[in-house]
Every structure is written in C-alpha cells, then in structure tokens.
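Quick note: numbers below take in every heavy atom, side chains included, and nothing from hydrogens, waters or symmetry partners. Convention: sequence-line order gives letters A, B, ...; per-chain numbering from 1.
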Amino acid sequence: MPKFFVTTAIDYANGEPHLGHAFEKIGADAIARYHRLRGDDVWLLIGMDEHGQKVAQTAAERGLSPEELTDRIAASFQAMWQRLAISYDQFIRTSTAEHRAGVRELLLRIFEHNLDDFYERSYQGWYCVGCEAFKQDAEIVDGKCVLHPTRTLEWVEERNWFFRLSRYRDFLLEHIEAHPEFIEPVTRRNEIVSLLRQGLEDISASRSRFSWGVPFPKPTSDGEQQTTYVWFDALPNYYTASRFPGSRATWPAQLHIIGKDITRFHCVIWPAMLEAAKLPLPERVFAHGFVNLGGERFSKSAGVRLDLGEAVDRFGPDAFRYFLLREVPFDADGNFSWERFEERYIADLANAFGNLASRTIAMLEKYCGGVVPAFDPVSLAAAASWVAPEEVRYAEAMGGQLLHEALAAAWRIVARANEYVDRQAPWKLAKAPEQRPELEITLAALAYTLARVALLVWPFMPSKAEQLWEQLGAPGTIGGSVQAGTDLLARPVNPSAWHVTKGAPLFPRPQAPVA
RNA sequence: GGCAGGGUAGCUCAGCUGGUUAGAGCACGGCACUCAUAAUGCCGGGGUCGCGGGUUCGAGUCCCGCCCCUGCUACCA
C-alpha cells in the first residue's frame, strides 16, 4: 500500500488562528482523508513554528516566557483544528527537544557531506526599512527600493554563517525539469524557474541578534554562538517529525501543502538543503492560493478580520469546510463573504444535496417500507449512469489537489440525481402496480447514488457524510471502514436491503428572516 | 522598472489551434410537479466579450498601442 506523508506549513506562533490558516488545514485534511479513503498509509503532519525574534518579543511584551506564550498559542491552534475536524496524525512544535536535535543533526549532516556549504561571511547589503529586508539589485531602481521609492536604503553589515545556495541552481533546474509535478500549480513552477534562471545568491543560516531558537551547531571563528536562522529551523520540521516517539512520518514526504507566499522557501531553499545533506527531496509541493475577505486582501494588520469561531458556528464545521473548499479554487485566490456562504449553504447543501437525501429516504420509507429494493451493484451503477463519469473527474481533480473541481463533480452527480427523480416521478410509479419494478430500480439507484456521494463528500464533510451513511442504513461507518490497503472508492457499493431511516435534515434551512 | 497571468451576463467562471444566433452554475422572472428541508424540474430575461486601431470573407479567439487587476522580482514568517 502506498505511503502518503502529507504536510502543511507550520504556523508562526505569533497570533491566533485565522481564516488563512484554516483554509490550508481544511484543504490538507480533505486531501489526507481522500488518500485514506483510497487505502493509502497516510500521515498528516501539521504544527507550529515557535522560534524567532518576534515570538520572543511578543512573549516579553506580555510578561511571559517564550515557552509559556507558545504553549498557549499551540493550544489555541489545536483547539481550532479539533473543532474543524482536522484529522492530523502529528502536531509538531519546533521548540521541542526532538526537533532541536533533528535540526542540529541535519545541519551537521550538511557539514559532513559538503563541508564547504556552510561558510562564514560578513553580510552586507542595502536594507529597506519599509520592507524590513535586504534588497537585491533587481529590486533597486535609481538607488531606491521599487516598493518604497520614497525611502532611503541603508547599508547594513552582519557576520553570519552562510549557506552556499548558489551552488544548487543547476541541480534545482534539472530536478524541476525532470519532475514537472514537483511544483504545482504551473504558475508557481514558472515563477520558480524564472527565479532560478536569474541565478541564486547564498543565504545566511544563522543570526547573532536573538537566542530564542536552535543554537547553530558550530560557533563562528571568533567563538560566537549564533542561532539558527528561521529557514534552517522551520523547514526541517518535515524531516524531524519522524524523530518523535510514536511518529510514523517517514521521509521523504509525498506532498507539502503550503501557501503561495512561501513557495520559494519550499521549492528552492528546502530542496537545496536536502540535497546538501544527501537526503531525498519531497515528491511534490503544492502552493494553494489565498482567501480574500469581502473582496479585500486578507491581511493580519488591515483590520478586515473575520472571527473564525463565528464563521464555523454559522452553519457548522462541515458546512464551513465545504464552503471554503468549494468557493475558493485551491490553486488560486478566492473570496469569502457571508452572502456567498449563505447562498451556497442554501443552494448546494440544503436544497440540492440535503433535500435529495430527504426526498429519497422519504420515498423509500413510503413506497418500500424503508428497505432498499434488491439489485446487484452492476445494475445499480448502470441505472445511476451519471455517477461513474463524474467519479472519474472527481478522482482526477483530487489527484491534482483541485479540491473545488472535485466538489463540483460530486455536485453534478447530485444535480443529475435530482433531475432523475423528476423524470421518473416515483410518486406516479407508485400508483401503478405494473410499474413496481421501475419504481424499485429508481429508488435503489438513488440510494446507490447517495451512498457514493457520501463517500466522495466524506473527505470534505466527514461528519455529514457519516450522518447520511447512517440514515441510509449503510453498514458501519465510513471512517471506521477506512483501512490502509483497502480502496473504499474502488469497492462496489450495494445498498440492497439497507434499512433507511429518515433522520433530521442534513443541512437544515436557516430560519427565514422575518419580513 | 522587469517578467508572467488575467480583464466574457449582477456574482464565480468555461470558451482548444479564428467560423453558424457567446455558454454553465448561482442570483432574478414565469410555468410544472408534489416524493422532499415552500425543496425539485422545465422555460426565460440578461452580456458594446477592458478601450482604440489593424489583419481576415469572418476575431471573445491573431497583431499593435493604451487602461486596469493579480502574482513573482531572495533573508517578516
């Protein structure tokens, strides 16, 4: 059975979880659950990046130790992930002894394999106060930062350990060319390729200004003990995860799910580090887009924040997950708005999907005593001819992390099934005894359709999928049937003789506003 | 400033190498039906295809110019 080790970016422990964090975790969770459904041996890793100057500063401002601050923030993130049903297998924190030891080992491994890759250098460059960053020549026009042309650039120097990133340019270009799936979507790959063609500068690997981090394994020549710089601390979490007791993470990862803003770190610096340490590269890096708010760019400082808890409470965690992954293309940006959320909840969930379940189960109870008529799976699949082609599209979309397209395919099944109900008009068939066989195959085909849709939707709305599964009288639970080595989507479904039960509506309509 | 990708119905988007009356979903209007969460199905209104030129028998689709948006342009993560 294939191993599927999937990771998300570790979130910086400097604030509360917000919509952007949630989007990524929900997407990664849907991908992980889909692979579980497929019988892969899945390990979903998420976590927190807890070191760095900002964390230390924030802690100090609040009169806390960095450990106390990060404990609180980590707890807050974990609580949110639990609420959103993120089925992570491991939550890594970079301030733990295991991770620190792993970083040290990885760095020493680079020293060992490529002694020359780390070297001391006095870094100097034009520093833009507006960007809070050193600027490269390409970003300087007429002696000014292109992003802050009114500011004056400062010349700054610091002596640090440096990593010879420049040496890996050709290696990376060749790797990307040989493995086109390494960076997705294509636009992100193109950006990285064009960056590589411009050439790479070496990067600093240590800092002297702060100490809340992993000590760099070797002191500088003047004896100073520096702190490992963020990339050489945070990125290796994917690799150090396996060192924790009980972890079944095994390097290399099959997939890194990240935001498009950190593509470069994951597609250039991280693979270069791994190559320097003579370790295998991750198989794929997928950079998702961002969720904007009310048409405005989502930003921590802009004040256009959305209360995550309120959004989750509005229609429940499953509907929230569905909405985000259906509305925002996973490979591009999208927008969150309450209006849209409500529209999709009512149209897609309550009316189309929830009501299809209600009417089907109600008719099975009314016309068949609540028992699905007996047919073999082949006949059912043939009768429900709209299912198979969309399942193919669903699987193709999931294979490319195009979650919104997978959901669209599932909803085309729902739409076809609703049309089918009206075309067949079971309430008319039920009045004519000679139409009994037609009535039975119709309702059985609908039960079959719902069971298949429950499976397809499970990665996105695990608890609603289970609820439907139960109402259909299907055996066990979907989650409980998941087993490494067993492909639940490939296994035929036969609802014959299931005892359906009409329970509460899957997605109750919100109370109509008083006119 | 440079490079890349976009600007098509109220909203989100599809429109491959140029070819009959420009499509889908949602929203909106009408009709049908009654199994269902007043849900569903059918029909319909609605678009100067960013702007201006050009090539062509014919351009949303090609060329030139312009406007606007987004991303990247290496040390906040």
Side-chain angles (χ1 to χ4, degrees), chain A residues 9-14 49 51-55 123 125 127 131-142 144 146-147 149 158 160 162-163 165 186-188 190-195 197-205 207 229-231 234 259-265 268-269 287 289-290 295 297 300 326-329 332-335 337 339-340 343-344 346-367 404 408 411-412 415 417-430 442-443 446 502 504-510 512:
Chain A
I10 50 175
D11 300 311
Y12 197 52
N14 198 32
D49 174 15
H51 288 141
Q53 205 170 0
K54 280 190 184 172
V55 169
Y123 188 54
Y127 189 84
C131 294
E132 294 185 59
F134 287 101
K135 308 311 289 183
Q136 301 298 309
D137 290 346
E139 286 181 287
I140 299 174
V141 173
D142 298 331
K144 306 277 184 161
V146 291
L147 303 175
E158 181 174 322
N160 299 120
F162 263 69
F163 175 65
L165 182 66
V186 196
T187 52
R188 305 275 92 91
N190 292 342
E191 287 172 5
I192 295 300
V193 167
S194 90
L195 174 76
R197 292 220 168 104
Q198 289 172 39
L200 293 175
E201 297 289 324
D202 292 346
I203 57 172
S204 55
R207 279 291 130 96
Y229 195 50
V230 58
W231 302 320
K260 63 181 185 180
D261 55 334
I262 51 176
T263 314
R264 199 180 54 235
F265 306 137
V268 177
I269 299 175
F290 290 145
R297 184 179 187 146
K300 295 161 209 159
R326 180 73 182 83
E327 182 73 5
V328 182
D333 294 355
N335 193 44
S337 76
E339 295 71 28
R340 208 56 194 141
E343 274 175 19
R344 280 213 180 271
I346 293 175
D348 297 0
L349 296 178
N351 293 357
F353 182 37
N355 186 55
L356 174 66
S358 288
R359 67 199 308 210
T360 299
I361 292 170
M363 288 189 285
L364 279 164
E365 291 192 334
K366 196 174 246 181
Y367 306 135
H404 57 294
W411 254 256
R412 282 192 294 270
N418 271 322
E419 290 166 20
Y420 177 72
V421 174
D422 279 49
R423 204 170 342 114
Q424 294 294 90
W427 50 92
K428 286 183 183 165
L429 297 175
T442 298
L443 294 181
L446 288 170
K502 186 152 192 235
L506 245 32
F507 303 97
R509 278 179 76 82

Quickly work out the [X] [atom1] to [N] [atom2] distance and round it to whole Å.
X: A:K260; N: B:C72; atom1: NZ; atom2: C1'; value: 10 Å
X: A:D333; N: B:U70; atom1: CG; atom2: C1'; value: 8 Å
X: A:I192; N: B:G71; atom1: CD1; atom2: P; value: 16 Å
X: A:L195; N: B:C72; atom1: CG; atom2: P; value: 12 Å
X: A:I262; N: B:C72; atom1: CD1; atom2: P; value: 12 Å
X: A:Q198; N: B:C72; atom1: CD; atom2: C1'; value: 9 Å
X: A:D261; N: B:A74; atom1: CG; atom2: P; value: 15 Å

Query - N/O donor-acceptor pair, side chain A:R340 with base B:C11, under 3.5 angstrom - result: no
Query raised in the report: Is there a donor on the side chain of A:S194 or the base of B:C3 sitting less than 3.5 Å from an acceptor on the other?
Result: no
Over all strands shown, is [X] touching base, sugar-phosphate only, or nothing at heavy-atom distances under 4.0 angstrom?
X: A:R188; result: sugar-phosphate
X: A:D202; result: base
X: A:G199; result: base
X: A:W411; result: nothing

Requested in this report: Using a 4.0 Å heavy-atom cut-off, write out nucleotides 30-44 of chain B from 5' to 3' as B (base contacted by protein), S (sugar-phosphate only) or - (no contact).
Outcome: ---SSBBB-SBS---
Query - Dot-bracket pairing map - RNA chain B, Watson-Crick plus G-U, both contacts under 3.5 Å, | cross-strand - result: (((((((..((((.....[...)))).(((((.......))))).....(((((..]....))))))))))))....
Query raised in the report: Of all residues at least two apart in sequence or in a different chain, which pass the salt bridge (charged side-chain N to carboxylate O under 4.0 Å, His left out) check with A:E191?
Result: A:R188
**Report entry** Option among A:L506, A:I361, A:N418 that satisfies the side chain to side chain contact (heavy atoms under 4.5 Å, CB included) test with A:L356
**Finding:**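 Answer to the side chain to side chain contact (heavy atoms under 4.5 Å, CB included) test with A:L356 among A:L506, A:I361, A:N418: A:N418.
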Say whether, by atom type as modelled, one donor and one acceptor occur between the side chain of [X] and the main chain of [Y] under 3.5 angstrom.
X: A:Y12; Y: A:H51; answer: yes
X: A:D202; Y: A:L165; answer: yes
X: A:D333; Y: A:F290; answer: yes

Requested in this report: Kindly assign one of parallel, tilted or perpendicular to the pair A:F353 and A:W411, based on the angle between their ring planes and the thresholds 30° and 60°.
Outcome: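 Judged by the thresholds at 30° and 60°, the geometry between A:F353 and A:W411 is perpendicular.
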Could you tell me how far [M] sits from [N] if I compare only their [atom1] atoms? Round to whole Å.
N: B:G44; M: B:A36; atom1: C1'; result: 26 Å
N: B:G54; M: B:U12; atom1: P; result: 33 Å
N: B:C49; M: B:G60; atom1: P; result: 7 Å

Requested in this report: Please examine the side chains of A:D348 and A:R326, heavy atoms only from C-beta on, and report whether any two atoms are closer than 4.5 Å.
Outcome: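 A side-chain contact exists here, since the closest heavy-atom pair is under 4.5 Å.
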Show me the donor-acceptor pairs within less than 3.5 Å that the side chains of residues 422-429 of chain A make with the rest of the protein, sequence neighbours left out.
{"from": "A:D422", "atom 1": "OD1", "to": "A:R359", "atom 2": "NH2", "distance (Å)": "3.1"}
{"from": "A:Q424", "atom 1": "NE2", "to": "A:E438", "atom 2": "OE2", "distance (Å)": "2.7"}
{"from": "A:Q424", "atom 1": "NE2", "to": "A:T442", "atom 2": "OG1", "distance (Å)": "2.9"}

Requested in this report: Applying side-chain hydrogen bond (donor to acceptor under 3.5 Å, both in side chains), name anything that partners A:S358, two or more places apart in sequence or on another chain.
Outcome: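 With sequence neighbours excluded, A:S358 shows a side-chain hydrogen bond (donor to acceptor under 3.5 Å, both in side chains) to no residue whatsoever.
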Requested in this report: List in chain and number order the residues that pass side-chain hydrogen bond (donor to acceptor under 3.5 Å, both in side chains) with A:D261, two or more places apart in sequence or in another chain; answer none if no residue qualifies.
Outcome: none
**Report entry** Per A:W231 side chain, nearest of listed nucleotides B:G71, B:C75, B:C26
**Finding:**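 Nearest to the side chain of A:W231 among the choices is B:C75.
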Query - Closest to side chain of A:Y229, choosing from B:C26, B:A77, B:G71 - result: B:A77
Report task. Could you say whether A:V268 or A:E191 is positioned toward the 5' end of RNA chain B, judged by the nucleotide with the nearest heavy atom to each? Result ->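 Per heavy-atom nearest nucleotide, the more 5' residue is A:E191.
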Requested in this report: Would you mind telling me which residue lines up with the more 5' stretch of RNA chain B, A:D348 or A:L165, judged by nearest nucleotide?
Outcome: A:D348
